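Quantities reported herein were computed from a predicted structural model and do not represent experimental measurements.
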Amino acid sequence: MSTMASEQTSVLVATIGTRDLAYQTVDGVWLNLGDDRSYDEQPSPMSRVIEELYAESENPEQLDSATFRKLTAYLCDRWNHYGDRLIPIILGQLLEDEQGRLKSIYLVATNQPPSVREREKDTLYAAEIFKHYVQQHYQIPVTVIEQGQDPRESPADFEAMFRWCKRDVWPAIAPGVGRGHPLLLCLKGGVNQTSEAIRVTALSRFGERTRFYDFKENWQGNQRGIPSDYTVPLRGTNYLWDRQQQAALGLLERYDYTAVQDLLDGYYRLARNGEVSEEILTVEQGLKPAIAWTICDFESFAEGVTQTSDPTPHWSWRAYEAAYLGDVRFRQHNILEAMFHSFRAVEGLMMTWAVRRFHQHIEIRNRRQDCQDAPILQSSICQEFPNLRSQFRDHSGRISERRLYGPLLDQLFKEACGEHCERDSDLWVFFEVAKPWRNSVFHRLLRLRPEELFIAWQVRGPREWRSRVLGCLNAISGQEYQSLTESSRMVGLHQHIFEQINRYQP
């Protein structure tokens with residue numbers, strides 16, 4: 001073979017039926033071993049094969065009343081004599097074309113007990129002949145998987161075969177199917193219920209790695225020893241997409257962007273290889289900033305969002321994103337993080353406001369990537385706000401600078417805003433109720449219930465809570481947003497991702 005062994009990555013699984021093998025008669029015609037139908041009052045192909053073998057045999061009684069099982073057992077035992085006159089007439093062309101990429105083959109064949117009437121059409125020995133053929137011509141490892149030994153697990157019972165596939169078939173095959181490598185399924189032969197069980201369980205286990213082949217009957221070509229043609233493989237992506245799509249949309253409803261990214265990972269690989277539509281890659285690009293947003297990496301989020309309507313967002317935009325993240329956590333029933341993000345949004349915006357407003361009195365130290373120390377407020381601020389002098393005294397009587405956070409930040413904000421801060425009911429609740437409550441609940445290892453969140457913000461439910469947080473942000477930033485969803489660019493990105501997944505077809 002010209003194909004290097006390192007390229008042998010595929011695994012082939014085929015169900016073997018009674019029509020999978022052809023036998024060449026002495027006059028050069030290839031007859032289907034399992035075709036027991038009569039044509040134009042002529043003996044069936046299977047009968048003609050038996051007649052020829054009977055005439056050649058030294059022990060013809062072995063072929064008396066020969067069933068398919070007996071016939072294939074007879075030929076299998078005499079492979080050295082008849083091997084050159086037996087070929088896989090359905091799978092032969094696929095084998096020839098895929099030989100360089102196949103590292104192993106698994107054949108599913110029936111082997112039922114004598115008490116089962118369908119035993120006479122068992123395909124065990126047909127599979128063994130197939131195995132001899134492959135090993136002789138291609139040297140590819142072949143494993144025959146027997147089914148039907150337990151009479152309680154009929155190959156015609158879908159539910160039984162479903163359990164059998166999950167219990168016996170895939171655990172044996174899965175270790176040989178590498179990540180990203182295709183699993184080729186040829187389910188033309190055998191019992192329909194078995195084929196369907198293999199199809200369904202393969203999709204569940206291997207997902208988009210599955211390839212389904214179908215075959216076109218070519219009776220005249222088969223008689224000349226020409227194997228059947230096969231169709232372009234139907235991919236597991238096409239079979240799976242409806243289910244994967246609904247799962248992805250369901251995860252989006254829970255704002256679980258990381259889970260959506262993991263679910264669609266196989267489609268991204270296929271798209272990069274040109275095996276499915278590349279439009280799925282736009283979903284991947286949208287999910288990356290969405291995932292960054294969920295961990296408050298708003299800089300990476302902003303870099304990944306196409307800002308057409310607002311290329312230069314207001315300086316307060318991060319706080320609104322943090323507040324909307326708090327709202328999302330509330331929808332996810334994560335009340336503790338809802339409290340954390342909503343409070344952090346307001347306090348963080350106050351910090352951003354102070355650094356912008358009093359930059360001449362503030363120093364940022366130890367900048368390193370995404371981490372920096374709290375801003376340093378110089379005592380020169382006291383020239384504008386004498387009431388802050390007490391904040392710059394220590395046991396020696398005076399200090400020249402202090403870290404800007406906590407009570408110092410609160411006092412600076414109140415001094416600078418004056419009556420505006422005192423009159424604003426939302427800010428009053430933040431300073432006088434929410435802040436003390438937050439300090440209390442964040443120092444205990446207990447569950448935070450929605451009612452406690454509402455008590456902390458002095459509201460009666462989620463709508464008023466969102467309005468309260470938004471009111472605080474608007475009061476600090478001077479913006480006039482009517483809702484948290486209006487203020488967040490994540491809302492538009494989320495909708496964009498939803499629409500892309502909803503309309504995508506592999």
Face-on cation placement of R211 at Y213 ring, 6.0 Å and 45° thresholds
no

Looking at [Y], is its backbone amide N or carbonyl O close enough to the side chain of [X] to form a donor-acceptor pair, meaning the two atoms are under 3.5 Å apart?
X    : Y    : value
S342 : M339 : yes
Q332 : R254 : yes
Q147 : P155 : no
Q244 : L264 : no
D157 : E153 : no
D122 : Q112 : yes
Q93  : I90  : no
T201 : K166 : no
Q99  : E96  : yes
T143 : Y106 : no

Heavy atoms from other residues, nucleotides or ligands near CG of D84 exceed 12 (cutoff 6.0 Å):
no

Looking only at side chains, do [X] and [Y] share a donor and an acceptor under 3.5 Å apart?
X    : Y    : value
E128 : H132 : no
E196 : N192 : no
Y268 : Q261 : yes
E98  : Y230 : no

Using 0.5 Å steps for rounding, measure from the CG atom of L281 to the CD atom of Q500.
10.5 Å

Residues two or more places apart in sequence or in another chain: which of them pass side chain to side chain donor-acceptor pair (under 3.5 Å) with R119?
none

Going by the angle between their ring planes, with limits at 30° and 60°, are Y481 and Y320 parallel, tilted or perpendicular?
perpendicular

For a quick test of reading the model, state the closest non-hydrogen atom pair linking A271 to S277 and the distance between them.
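The answer is CB-O, 3.8 Å.
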
Looking only at non-hydrogen atoms, find the nearest pair between A290 and L493 and report the distance.
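Residues A290 and L493, closest heavy atoms: N-CD2, 3.9 Å.
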
Taking the six-membered ring for Trp and the single ring otherwise, decide whether the centroids of Y255 and W293 are under 6.0 Å apart.
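When the ring centroids of Y255 and W293 are compared, they turn out to be at least 6.0 Å apart.
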
